[in-house]
Amino acid sequence: MHSEPRSGRLAAWGNALLAGFASPDDAVVAIVGEDAVHRVEGLPGETAPVGLTLALGRLRALGVTGLRVALPAPGHPLGLSGPPDFNARALDAEEAVVCHGAALGLVPEVYEAGPDGDLHVEVLWHCLPVREAPPADVPSLGEAERELAEALRDATEMLSRLDVAGSGPVAEAAIDAYRARAERGREVLAPGYPPRAVRVLELAQRVGLLISVASENGHGGAVSASEMAARSEALRPVERTARRAQVAAFNAFVEERERGVR
């Protein structure tokens with residue numbers, strides 16, 4: 001979870017476009033990233049899937065003034081407000097975008113296309129009705145920053161106790177990969193986001209990286225099934241905190257607008 005979700009890119013650059021901080025071409029390039037193409041199906045007034053440029057323009061015409069992110073997990077509907085059908089799709093995808101200003105949401109379906117040896121990734125966003133209600137369990141930026149500082153401490157202590165931080169070249173490669181992405185991470189939130197949101201997202205990604213190292217980098221110091229289960233249980237609240245902080249960072253643009261800051 002240390003890399004940005006597709007819903008984060010769509011919300012961040014969609015917000016920049018809606019607010020006039022980015023051109024349609026720049027926003028679409030940033031949202032698509034390394035994927036081949038993104039399309040949107042189910043938009044009101046459209047009978048077939050359309051490209052991102054047309055989709056974002058249509059959403060604006062429908063009254064959308066901002067985009068929020070949801071990153072739900074089993075037992076934790078983070079950023080969702082219903083109805084059950086939308087929540088179920090978002091939970092299956094582990095992410096979604098919820099529109100502000102119109103009762104619509106977008107859930108990505110990611111798949112590979114093309115012949116063997118030349119596969120590429122395409123994304124189809126399903127546009128669905130959502131319930132207009134406050135999103136579940138999203139902290140303020142200030143709350144997220146405070147929680148993350150404690151979570152980072154907990155994750156670091158956990159790695160040291162389980163001997164994961166020093167468990168070899170795989171962990172070192174993961175840390176190096178994070179450092180290589182650090183400067184790019186500063187661009188994830190797109191123009192117009194407050195500096196505090198950038199700080200919170202970077203810290204959330206760092207915590208997420210540590211969780212990934214602990215979860216994926218072999219056994220480290222935990223050599224039994226019970227110890228592996230204990231590791232997962234101990235890291236679960238840290239992972240939850242990092243997801244909440246990511247959502248708070250991506251949603252900061254809309255939250256500031258609601259408070260009249262913009």
Side-chain angles (χ1 to χ4, degrees), residues 1-18 22 24-43 49-56 58-59 64 66-73 76-80 86-100 104-114 119-128 130 135 138 177-178 181 184-193 197-198 200-202 204-205 208-209 211-212 239 242-254:
M1 69 151 288
H2 56 273
S3 62
E4 70 273 16
R6 287 180 173 86
S7 57
R9 295 204 306 265
L10 176 57
W13 285 91
N15 283 330
L17 173 61
L18 290 170
D25 287 346
D26 288 345
V28 169
V29 167
I31 294 167
V32 172
E34 297 179 358
D35 301 329
V37 65
H38 284 217
R39 295 171 297 150
V40 181
E41 70 90 23
L43 274 171
V50 300
L52 276 178
T53 302
L54 177 57
L56 290 168
R58 177 57 54 85
L59 289 174
V64 173
L67 302 170
R68 288 189 172 103
V69 170
L71 297 178
H76 188 207
L78 175 62
L80 298 176
F86 181 80
N87 286 7
R89 283 176 175 260
L91 181 58
D92 186 58
E94 298 183 339
E95 61 177 309
V97 171
V98 179
C99 299
H100 178 68
L104 297 169
L106 301 161
V107 180
E109 179 184 353
V110 182
Y111 56 95
E112 291 184 334
L119 292 175
H120 58 269
V121 175
E122 298 187 1
V123 180
L124 180 64
W125 293 87
H126 298 278
C127 184
L128 302 161
V130 299
V138 178
Y178 170 76
R181 285 193 301 270
R184 187 188 71 174
R186 293 184 180 276
E187 300 175 358
V188 166
L189 285 178
Y193 271 82
V198 177
V200 168
L201 181 60
E202 289 177 339
Q205 291 176 336
L209 172 75
I211 294 168
S212 295
E239 186 273 339
R243 278 191 301 108
R244 292 179 78 235
Q246 280 204 68
V247 171
F250 284 119
N251 293 1
F253 198 100
V254 175

Donor-acceptor pair between H76 and R244 side chains, under 3.5 angstrom: no

For A30, check side chain to side chain contact (heavy atoms under 4.5 Å, CB included) against everything at least two apart and list the hits. W13

Could you grab the distance from atom NE2 of H100 to atom CG of L67, nearest 0.5 Å is fine? 10.5 Å

Quick one: are V107 and V97 in side-chain contact, heavy atoms under 4.5 Å? no

Quick one: are L201 and L189 in side-chain contact, heavy atoms under 4.5 Å? yes

Could I get the full list of salt bridge (Lys or Arg N to Asp or Glu O under 4.0 Å) partners for D35, not counting sequence neighbours? R6, R9

Check for a donor-acceptor pair, side chain of N15 on one end and backbone N or O of G66 on the other, with a separation under 3.5 Å. no

Shortest non-hydrogen pair, C127 vs V40, comes out as CB-CG1, 4.3 Å

All heavy atoms of A242 vs all of A204, minimum pair found to be O-CB, 3.7 Å

Could you go step by step and tell me if L128 and R89 meet the side chain to side chain contact (heavy atoms under 4.5 Å, CB included) rule? CA-CA 10 Å; L128 302 161; R89 283 176 175 260; 3.1 Å; yes

Partner residues of E122 under the side-chain hydrogen bond (donor to acceptor under 3.5 Å, both in side chains) criterion, sequence neighbours left out: Y111, H120

L124 vs P108 side-chain heavy atoms within contact, under 4.5 Å: no

Which atom names give the shortest non-hydrogen contact between V98 and G79, and what distance separates them? CG2-O, 4.1 Å

Among all residues two or more places apart in sequence or in another chain, which pass the side-chain hydrogen bond (donor to acceptor under 3.5 Å, both in side chains) test with D26? S23

With heavy-atom distances below 4.5 Å as the criterion, would you say the side chains of L18 and V64 are in contact? yes

All side chain to side chain contact (heavy atoms under 4.5 Å, CB included) counterparts of L91, not counting sequence neighbours: P72, P74

For side chain to side chain contact (heavy atoms under 4.5 Å, CB included), just list the numbers for V50 and R58, CA-CA rounded to whole Å, side-chain angles, deciding distance to a tenth of an Å, and then say yes or no. CA-CA 10 Å; V50 300; R58 177 57 54 85; over 6 Å; no

Within the distance-only criterion (no hydrogens, no angle test), does the side chain of R243 pair as donor or acceptor with the backbone N or O of L71 below 3.5 angstrom? yes

Side-chain (Y193) to main-chain (F253) donor-acceptor, under 3.5 angstrom: no

How about F250 and S7: do any of their side-chain heavy atoms sit closer than 4.5 Å? no

The test is side chain to side chain contact (heavy atoms under 4.5 Å, CB included); show your working for C99 and L59 and say whether it passes. CA-CA 9 Å; C99 299; L59 289 174; 4.3 Å; yes

Can you name the side-chain hydrogen bond (donor to acceptor under 3.5 Å, both in side chains) partners of H126, sequence neighbours left out? E41, E109

Close side-chain approach of V32 and V37, heavy atoms under 4.5 Å: no

Report yes if some heavy atom in the side chain of L56 is under 4.5 Å from a heavy atom in the side chain of P24; otherwise report no. no

Is the shortest heavy-atom distance from the side chain of V123 to the side chain of W125 under 4.5 Å? yes

